[in-house]
Amino acid sequence: MTDQPDFIPMSMGEARRLGITTFDIIFISGDAYVDHPSFASALLSRALWDRGFSVGIIAQPDWQQPQDFLRLGKPRLFFAISAGNVDSMVSHYTARKRLRSTDAYSPGGKWRRPDRASLVYAEKLHRLFPETPLVIGGIEASLRRFAHYDYWSDRVRQSLLADAPADILVFGMGELPLFTIAERLSSGEHIAAITNIPGTVIKKGIHSINEHSSSEAVIIPSFTEVYSDKRSYARAFSMIHAEQDPHRGRRVVQAHPKTLISQNPPSRPLSTHELDRLYELPFSRTAHPSYEEPIPALEPVRFSVVSHRGCFGNCSFCAISHHQGSIIQSRSLSSITREITRITTLPGFRGIVQDVGGPTANMYGMFCRNWETRGTCPDRVCTPGCPNLACSHDHQITLLKTLRQIPGVKRVFVSSGIRYDLIGRDEEDYLEELCTWHVSGHLKVAPEHITQHVTGLMGKPGREAFDSFREKFKAFQAGKKKRQYLVPYFMSGHPGCTSRDMIELAEYIRDNRLYTEQVQDFTPTPMTLSTCMYHTGINPFTLEPVHVPKDREKRIQRAMLQYLDKANHELVLEGLHATGRMDLIGDGEQCLVPVLPKNRQKRNNWGGKKRA
């Protein structure tokens, strides 16, 4: 490995102390700079430094002050632009489009990034450095790489690469494409000639669409078509979805009014050796010393460890399959052991490893027998019953047993979430291992819903799987002096879900005493199946219509999940009256809400009364 600095430089003073006068690459990030592998700019910067490139970071530049973008000068190769770990619109606004009170990735939780940060940063840099290549990436760019529905403007927007004055877009986790871009630019190639790197999107002249044949490229409906026709939008989504396998994926082309957007196939997954090397780089796991206030997003993950990447769960509302991919990429046990052993020597460590996991913690070590030879199945829907899916928990059990034996480690928690449907009848030993050693008083799971047609559209297991898991968990608590409890996450307002479905879920929560304050109101985010259904009202794979709750109905559905909250009683009553479920109103044990005084009922719109 190349010798790494304590921190990637954020000022020319820091750079000069390292003997650097001109950086090879400069990162522009919407997040504060935290030297931790969970923060993308730190991970990618250290990975490039390990490859021999000098890297500087301009974290959260003031987009209204040009001098902020000039502080590290002009890079030798390119600027790498990212909005940060979270899409800037998701970071700024709630599901009801209200401004969030804090930004977890900024010092003191204060706002330091603009809306649509990738676009704003690219425009500023292009004005200041018109001849310098601009590479955009990160979650915001990755999931806005094609024409996409934008919830906050309630319209279809162009590909970010069509809007931004950037040269190339990196999608996915980004290490391999960035290495190749840096190496090819360093060898003297012009950025315009770099058109064939897996995991990148480029733009061409609109007339070049005639160069693509149907055998080597998939031409999806144009921006103009998907903007004006929802059926075309749904068809485009299904075509994009089919080409996200690194083994079988083809080039995907979409025409925009002034340019042609062309996506190369996804980058290959990293090998175990590559992942090990990446995550064992010498991260300090602290914020840059120039910050006077803490970064809220750091503390919950400071002493956490990534064990793997990817998720084959393919939940409809999650974009991981379009970003990290469906193929599980696991680190070696020895590498994770070495990383935690190093963590035990860091200041502030008190013996608690906060998390060992990935998008789904218990997918560590799991694999499909076809991934390396044929790639994922065309529909990329993996289920525990598939004969090709090796979904034993033995690898994770061995990992966790090993980690808790490391000197200096008191507890190793698994807090990044598990898929309970992967825990088979013959794997109660995994549940015992997990509950005995690796969760505290509460185990968090995410059934999201229990109605079959809703869970089907969500890509989640049905009620039977959740009921089976609850029974296993309950049996394990028998005879314990200190019991543990399930904390389930449920979602309201998902496409396909009606108010009657939410009442059924509320009754299930009531009957099983699963009420929790932690609920999620579905938020349409770019490039997910659920967002496609929300915008079009169509299931893109079947072209069948899907009910889409919006506005008032969406608010009522969320209130149903929190029916005990007095602030929600009027909305719950409105939903119960609208569906004819007056039997759930009153003081009985089965009732969800009491009868409200008449002066409060007048504000609702049932019984022919007009809302004021």
Side-chain angles (χ1 to χ4, degrees), residues 95-96 315-317 417-421 423 431 435 439 441-477 483-523 530 547 549 552-596:
R96 294 184 64 185
C315 299
S316 303
F317 46 83
I418 63 168
R419 279 288 292 236
Y420 52 81
D421 57 315
I423 304 174
L431 184 59
C435 292
V439 298
H442 299 86
L443 177 62
K444 298 175 183 178
V445 292
E448 306 295 359
H449 214 286
I450 48 88
T451 304
Q452 184 174 356
H453 72 94
V454 179
T455 55
L457 290 171
M458 287 179 164
K460 298 289 290 187
R463 179 190 300 200
E464 295 78 11
F466 184 50
D467 283 342
S468 174
F469 177 76
R470 286 197 308 106
E471 288 302 315
K472 294 175 191 172
F473 183 82
K474 181 180 178 181
F476 180 70
Q477 302 304 315
R483 297 192 62 182
Q484 295 168 319
Y485 299 90
L486 280 182
V487 179
Y489 288 86
F490 294 108
M491 180 181 290
S492 64
H494 189 275
C497 183
T498 66
S499 292
R500 291 185 184 277
D501 295 326
M502 289 308 298
I503 293 172
E504 182 179 351
L505 176 55
E507 291 185 282
Y508 180 87
I509 291 170
R510 175 203 65 198
D511 294 343
N512 294 284
R513 298 183 179 181
L514 295 173
Y515 186 85
T516 172
E517 297 294 336
Q518 302 184 59
V519 301
Q520 182 179 354
D521 189 4
F522 168 67
T523 303
S530 299
H547 172 74
R552 188 72 176 175
E553 184 188 356
K554 204 164 185 288
R555 289 186 62 194
I556 289 172
Q557 288 201 16
R558 181 183 174 90
M560 287 289 179
L561 279 183
Q562 297 176 308
Y563 61 86
L564 290 180
D565 187 342
K566 292 181 180 180
N568 290 327
H569 282 181
E570 290 185 39
L571 285 169
V572 174
L573 279 167
E574 185 175 335
L576 294 175
H577 276 269
T579 54
R581 292 301 307 273
M582 279 75 78
D583 58 302
L584 298 177
I585 304 170
D587 299 322
E589 289 186 4
Q590 299 301 304
C591 293
L592 298 181
V593 289
V595 177
L596 289 183

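- The CZ atom of Phe476 lies 10.5 Å from the CG atom of Leu443; values are rounded to the nearest 0.5 Å.
- Listed by first then second residue, pairs satisfying salt bridge (charged side-chain N to carboxylate O under 4.0 Å, His left out) with a partner in residues 499-508 read Arg463-Glu504, Glu507-Arg510, Glu507-Arg581, not counting sequence neighbours.
- Of all non-hydrogen atoms in Cys497 and Val454, the two that sit nearest each other are CA-CG2, 4.0 Å.
- Remark: Asn512 CG to Asp467 CG distance equals 6.5 Å, nearest 0.5 Å.
- Residues Gln590 and Asp511 are in side-chain contact: their nearest non-hydrogen atoms beyond the backbone lie under 4.5 Å apart.
- For the atom pair CD (Glu570) and CD1 (Ile556), the distance works out to 11.5 Å, reported to the nearest 0.5 Å.
- Residues Ile423 and Lys472 approach most closely at O-NZ, 2.7 Å, considering heavy atoms.
- Counting non-hydrogen atoms of neighbouring residues, nucleotides and ligands closer than 6.0 angstrom, the CD atom of Gln452 reaches no more than 12 such neighbours.
- Side-chain contact between Ser492 and Met502 is present, with heavy atoms from C-beta onward closer than 4.5 Å.
- From Asn568, atom CG reaches atom CD of Glu574 across 12.0 Å, with rounding to the nearest 0.5 Å.
- Here Arg513 contributes atom CZ and Leu486 contributes atom CG; the two are 15.0 Å apart, rounded to the nearest 0.5 Å.
- Taking every heavy atom of both residues into account, Leu592 and Ala506 meet most closely at CD1-CB, 4.0 Å.
- Enclosure of atom CG in Asp587 is not indicated, since only 12 or fewer non-hydrogen atoms of other residues, nucleotides or ligands lie within 6.0 angstrom.
- The shortest distance between side-chain heavy atoms of Leu584 and Tyr563 does not fall below 4.5 Å.
- Evaluation of the ring pair (Phe, Tyr, Trp, His ring centres under 6.0 Å) test over residues 488-511, restricted to residues two or more places apart or in two chains, returns His494-Phe522.
- Remark: Thr455 OG1 to His449 NE2 distance equals 8.5 Å, nearest 0.5 Å.
- Residues Leu576 and Ile503 form a side-chain contact, since some pair of their non-hydrogen atoms from C-beta on lies under 4.5 Å apart.
- Partners of Phe317 according to the ring pair (Phe, Tyr, Trp, His ring centres under 6.0 Å) rule, which considers only residues two or more places apart in sequence or in another chain, do not exist here.
- Partner of Asp521 under the side chain to side chain donor-acceptor pair (under 3.5 Å) criterion, chosen from Arg555, Arg558, Lys554, Gln557: Lys554.
- The two residues Asp421 and Ala465 make their nearest non-hydrogen contact at CB-CB, 4.3 Å.
- Side-chain contact between Leu561 and Gln520 is absent, with no heavy-atom pair separated by less than 4.5 Å.
- The backbone N or O of Gln484 lies less than 3.5 Å from a partner atom in the side chain of Gln477, making a donor-acceptor pair.
- Nearest heavy-atom pair across Pro495 and Pro549 is CA-CD, 4.2 Å.
- The shortest heavy-atom contact between Leu457 and Gly496 is CD1-CA, 3.6 Å.
- Aromatic ring orientation, Tyr420 versus Phe466: tilted (interplanar angle from 30° to 60°).
- No side-chain heavy atom of Lys460 sits under 4.5 Å from any side-chain heavy atom of Pro447.
- Ser530 places a side-chain N or O within donor-acceptor distance of the main-chain N or O of Ser316, the cut-off being under 3.5 Å.
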